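As structure tokens, the structure follows; a few thoughts come after it.
Scope of the values below: all heavy atoms of this structure, side chains included, with no hydrogens, waters or symmetry mates. Since the structure is predicted, the reported quantities are computational estimates derived from the model, not experimental observations. Letters A, B, ... are given to chains in the order of the sequence lines, protein chains preceding strands, and every chain is numbered from 1.
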Amino acid sequence: MEMVKMTYREALKQGIREALLNDERVFLMGEDVGHYGGAFAVSKGLLQEFGAERIMDVPLSESGFVGAGIGAAMAGMKPIVEVMTVNFSLLAMDQIINNAATLLHMSGGQLNVPLVIRMGCGIGRQLAAQHSHSWEPYFAHVPGLVVLSAGTHEDARGMLLTALKSPDPVILFEYTFMLNMEKEIASDAGAMDITKAKVRRDGKDITLITYGNGVYKSLEAAEELSSQGIEVEVIDLRILRPMDEETFLASVAKTHRALVVEDAWRSGGMAAEVFSRIIEKVFFELDAPLQRLCGVEVPIPYPRHLEEASVPQSQDIVSTIRKMMGL
Amino acid sequence: MEMVKMTYREALKQGIREALLNDERVFLMGEDVGHYGGAFAVSKGLLQEFGAERIMDVPLSESGFVGAGIGAAMAGMKPIVEVMTVNFSLLAMDQIINNAATLLHMSGGQLNVPLVIRMGCGIGRQLAAQHSHSWEPYFAHVPGLVVLSAGTHEDARGMLLTALKSPDPVILFEYTFMLNMEKEIASDAGAMDITKAKVRRDGKDITLITYGNGVYKSLEAAEELSSQGIEVEVIDLRILRPMDEETFLASVAKTHRALVVEDAWRSGGMAAEVFSRIIEKVFFELDAPLQRLCGVEVPIPYPRHLEEASVPQSQDIVSTIRKMMGL
Amino acid sequence: MVFLRAEGFLGASLEWDKEWLPQIYKIHMEKRAKEKKVSPGEQERHLLYQMMLIRRFEEKSAEQYTKEKIRGFLHLYIGEEAVAVGVTQALSDEDYVLSTYREHGHALAKNMDSGAIMAEMYGKLEGCSKGRGGSMHLFDANINFYGGNAIVAGHLPMDVGMALASKKQQKNIITCCFFGEGAAAEGEFHEAMNLAALWQVPVLFVCENNLYAMGTALKYTHAMQDLEKKGGAYEIEAYAVDGMDLIAVSKAANDAVKYIKTNNRPYFLVCNTYRFRPHSMFDAELYRDKKEVEEWKKKDPIPKYQQHLINKKLLSKKQIDEMEKQIEAEIKKAVIFADEGSWEPIEDLTKFVYSGQKA
Amino acid sequence: MVFLRAEGFLGASLEWDKEWLPQIYKIHMEKRAKEKKVSPGEQERHLLYQMMLIRRFEEKSAEQYTKEKIRGFLHLYIGEEAVAVGVTQALSDEDYVLSTYREHGHALAKNMDSGAIMAEMYGKLEGCSKGRGGSMHLFDANINFYGGNAIVAGHLPMDVGMALASKKQQKNIITCCFFGEGAAAEGEFHEAMNLAALWQVPVLFVCENNLYAMGTALKYTHAMQDLEKKGGAYEIEAYAVDGMDLIAVSKAANDAVKYIKTNNRPYFLVCNTYRFRPHSMFDAELYRDKKEVEEWKKKDPIPKYQQHLINKKLLSKKQIDEMEKQIEAEIKKAVIFADEGSWEPIEDLTKFVYSGQKA
Ligand SMILES: Cc1ncc(C[n+]2csc(CCOP(=O)(O)OP(=O)(O)O)c2C)c(N)n1
Ligand SMILES: Cc1ncc(C[n+]2csc(CCOP(=O)(O)OP(=O)(O)O)c2C)c(N)n1
Ligand SMILES: [Mg+2]
Ligand SMILES: [Mg+2]
């Protein structure tokens, strides 16, 4: 398999481009996706390639254009709606939850909403309290939504393509922090499965469950721990709803210890749900209390040192796991 | 102590009335709180008593008037903003989270927002998928907010009064389901503490942790179980954020078993967070896996039998606890 | 013809609109003419029938509500029938219609089966939304009726999106949405109007100004109360019409549809009307005078239109009697259908959360 | 005087407004006159100084950004200085001002300390928001500057609420908020305008129409591009002014303040302007022509106003040089202040999540 180096940004862009080429019902709509080239340059050049009917710049009106995406999806199109960052999604929350997630049920199964909403998520550029949140847990709580987290370059490249096949609304989280990060991915990387979590690294001593910005940080920590003789099994949840619990339950049954790592706020984050499933399903397999490393419960501050301190770093993972292993 | 019988609705109304009498900076603002008398008749008569400056009918514009409440609070008033039901709060989510909860931090401690937002919550009147949600977990996830749940008549009567003393924004959940329910409360019932959970019933065999609509249902189940020889300790969380964990941790350390009951959707609900704290703090006290009875993960359907089936009922509690006790 | 050439989606550029649209309109009108009843007065009597059916159906619903056959919120449309009927007659069957929680009238005008509506309000499996929705959530995709939306103004953005889709797909249809004057204060109204105008999509915005949003009078809802003037803020053509007059509404709606089809732009139609009944069955009506209601009842659109047809010799007393009998029979049938309907088994509770979940 | 009688809050009924307001305005003007520099030309030179200070301060900020002293998003105001200065000169110190993420100019015009701003942009503890906010979140309650709000249009409802409070408290002040033309497409604009008009609160809405919302040109943002006409949809008095001309802006703002004070109603002022720089430091400016930028630079408000004062004999070249030196010195001081500032200890991370948390 030939490998190519590319940034996370480039991976995202290739995914969108392929989606547009695959299906003429697909169009991309969002603030500054066209003339500006995307707030984070993800869609740069696509307006020139596909024209203004397929790459639609919209006015600032999150509720309006997300709702329009829902309507267009109901009426047979396949919109990709970009909400520039998850921070602004609160303005469209009513459309996403009360309409997109609810219409199928409320109509007795008549109206499905095959819409994909992409959102930039998380910290990484010192953008402070109104631009840096990790709100995956909000969406993962909602029946009717499919919630994806692209924690690797291959998922950045390929999740969108599968998401567009979903008959139901998909929220796809992309991570601002990783945009400039370069990784190798298969040159023929394409659509990715969106039903299963993935074991990103095998290990026997402890299970580390994470997603999003946590994935590379966890793999880095696992490398370091491996050199210290601790073999960490790293699981990337990938699909936050409906959550694939089999993968991590099997791992916990093997390692008997688990740590959950996420950037989202601690109370009521994804970790709490992962804990609950472990307790309900494999309680007697546990050799030690579960632990979680989550975002500190604070609106993200601007200065770099405080921003960094507000989410778990790879060194925190290393030291927590060492403690959990009794070292 | 003299006791009087009153409905939950009347308790709410007396609380609001007392707040208006106590402090002239207090005013009530919301859709149909005035001329209509409140969507659920909670504020009936208050317009006539206090006038249009204190009881303000507002147009349908949740983001607008919640934001206006924030501004008024910043500028020295003490607004009580009513969002008719939590279902409509999604339209004001940006104001609540990105402004009310964030301004203090973002301004380096300068701007506090002493605002109380009251919301009707939960099922109970066959109002279907856009009018019946239990979204306490959304707000409980947010640093900067104080989140209260009035699961009893005395809290309906008194939480608001204490909430109005908070320098920080308070979300106060009231329950549509209970409005017509009559209970006895002390005739001099007044302001209630808003920092601690409460043991609503002592018991030695199992800890039942709940809030909101779960409280009376749980007490009813506990009564029945008591007649069967099982003594359930019922804890009403009351404050969903910042959560008082001491109270339930102490109880679990005593009973070694716990069940959490709530109407909110299961994945990522409050139960998951309660589980997590128990696991982190008193894991070795547990004699059995924790269990939770939560709302079924479905937009609430209209027909009564399906509506009832979508949240835990007192009989479900009874049978779950019997199973947990090995009966 | 130009538009036959554009087979796939999205193929054509925006330029074709101008030459193409008048043709579309012509074809549309021919199609409508065929759909319409053709013998003299037939179409008129059909519209009267629809108004009367809505009225009686709603009265029966209120009755069923007091019998506790129907629960939850029930919002009656009585008094506003000329709006639903007058607007819908201007639409073709393929046009999309979206409405609010006060939508029985729109659903009936769009020819939704009255039995399926009644069964829905009972919460029966045979209801148009399989009983999941109840009175506030009538849906029937087969007749292009898209709810039944109970978040005030929440359907307006969707509406624009459906019209955007139909434009991209070069379907020659319009999307029509009904909403109250209260809804026009929501930010969604502003955003939807602006998007529709920017994208030049075929949307007919119908604001039913019945002077109250629950108990909040127009003057407490809008600083500027000539609602049609709001069109100007978005460069949207707008018109206000007497919503108690079927003929006026029909004409205004026909003009609006013609405008939309020939200009491929949205249109904002304000229908000034009044609800004779409380906001919902939970409303004590503290906020308005009984006298005001009585005054408005004098403008009842149904007797007014009956009289008009009688004057025009298009209707006889006997025909009215016949209609009433027919309506009585239809409603009776609907009630029986609902009564005999079945309850969804509790095991199916989580059906319809995701597509393709266990049936 | 009537308004002295009303000591507590909320005591008086709404009726007093009419007789009371002209008096308030008179008192306000007397107070403003006292605040203003009094010797001939002093006030004018002060305004020029403010514009020049903003310009140089922003240039220095850009420089510090490339040195990575400032991080995150940095939105420069260069080109738009006449708006902040012209509007703010019409306000009193007690008036509330709210702005966006592009707020350095408004903060400086409101007399925020330039050292505190620079330190904030560095993220230092000595910054006006203790370094928590950075460039987008300048706050200083002492001078009634309430941010520094980075959710587009998110501050508009708050703005109305602050004005509501001041009205209830019978404080004789107005609330002024700045926002871009892009923000006016958000639902919050619609809701805030309507609420302000309904409640008749003293708000000055200042829309800075710089023709772009990031890279989205006005014509893609608004179907109706004469933004001042949107006032009519809410019965709000509105006016559009050349935002590149300090004299015109000042006059328009004075008129607006007078209107607000005498009518106790909101006012909508559109300032047509242009940003000479990219949207933020992350912007490649693909969406506009260099030529367009050059054309607008010819309308630079600073040389224009300098020339005006020179013509009027209120300003000499020498005075300009002196000002430049003074500004250089002020900015140097600000940079030193920021450089010498301290970092907040990590242990204090969760400070300011709730009031009264550990200091
Ligand atoms: C977003 C939202 N806020 C509040 C409500 C509660 N509510 C239901 S109908 C209504 C009044 C709507 O008035 P209007 O738009 O004029 O329609 P009408 O009922 O008069 O037909 C209100 C406040 C709601 N359903 N949705
Ligand atoms: C609700 C929201 N959506 C999107 C953004 C991203 N964003 C920041 S500034 C901006 C453009 C705003 O344009 P305008 O209101 O005209 O102000 P200007 O920057 O031109 O001064 C956008 C889209 C945001 N901060 N908030
Ligand atoms: Mg109405
Ligand atoms: Mg702009």
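- Residue A:I96: no heavy atom, backbone or side chain, is found under 4.5 Å from chain B.
- Proximity to chain A is absent for every atom of B:A128, based on heavy atoms less than 4.5 angstrom apart.
- Across every non-hydrogen atom of B:P299 and A:A101, the tightest pair is CG-O, 4.3 Å.
- With contacts defined as side-chain heavy-atom distances shorter than 4.5 Å, the pair A:F275/B:I278 does not qualify.
- If you measure heavy-atom distances from A:H141 to chain B, the contacts under 4.5 Å come from both the backbone and the side chain.
- Residue contact with chain A, scored on non-hydrogen atoms closer than 4.5 Å, is absent for B:P242.
- Ranked by heavy-atom pairs under 4.5 Å with chain B, the first of A:A140, A:P143, A:A129 is A:P143.
- Heavy-atom distances place the side chain of A:F284, and not its backbone, under 4.5 Å from chain B.
- The minimum heavy-atom distance between A:I279 and B:P289, with the atom names listed, is O-CB, 3.6 Å.
- Neither the backbone nor the side chain of B:L104 comes within less than 4.5 Å of any heavy atom in chain A.
- Distance check, rounded to the nearest 0.5 Å: OH of A:Y138 to CH2 of B:W135 gives 12.0 Å.
- A:S267 has its side chain out of reach of B:M243: every pair of non-hydrogen atoms, C-beta onward, lies at least 4.5 Å apart.
- Neither the backbone nor the side chain of B:Y302 comes within contact range of chain A, judged by heavy atoms closer than 4.5 Å.
- When every heavy atom of A:A272 is checked against every heavy atom of B:E273, the shortest pair comes out as CB-OE1, 3.8 Å.
- When all heavy atoms of B:E280 and A:L290 are compared, the closest pair comes out as CG-O, 4.1 Å.
- Looking at B:R266, the atoms closer than 4.5 Å to chain A (heavy atoms on both sides) sit in the backbone and in the side chain alike.
- Residue contact with chain A, scored on non-hydrogen atoms closer than 4.5 Å, involves the backbone and the side chain of B:V142 alike.
- For B:A288, the part lying under 4.5 angstrom from a heavy atom of chain A is the backbone only.
- B:N99 places a side-chain heavy atom less than 4.5 Å from the side chain of A:Q130.
- B:V298 and A:H105 get closest at one heavy-atom pair: CG2-NE2, 3.5 Å.
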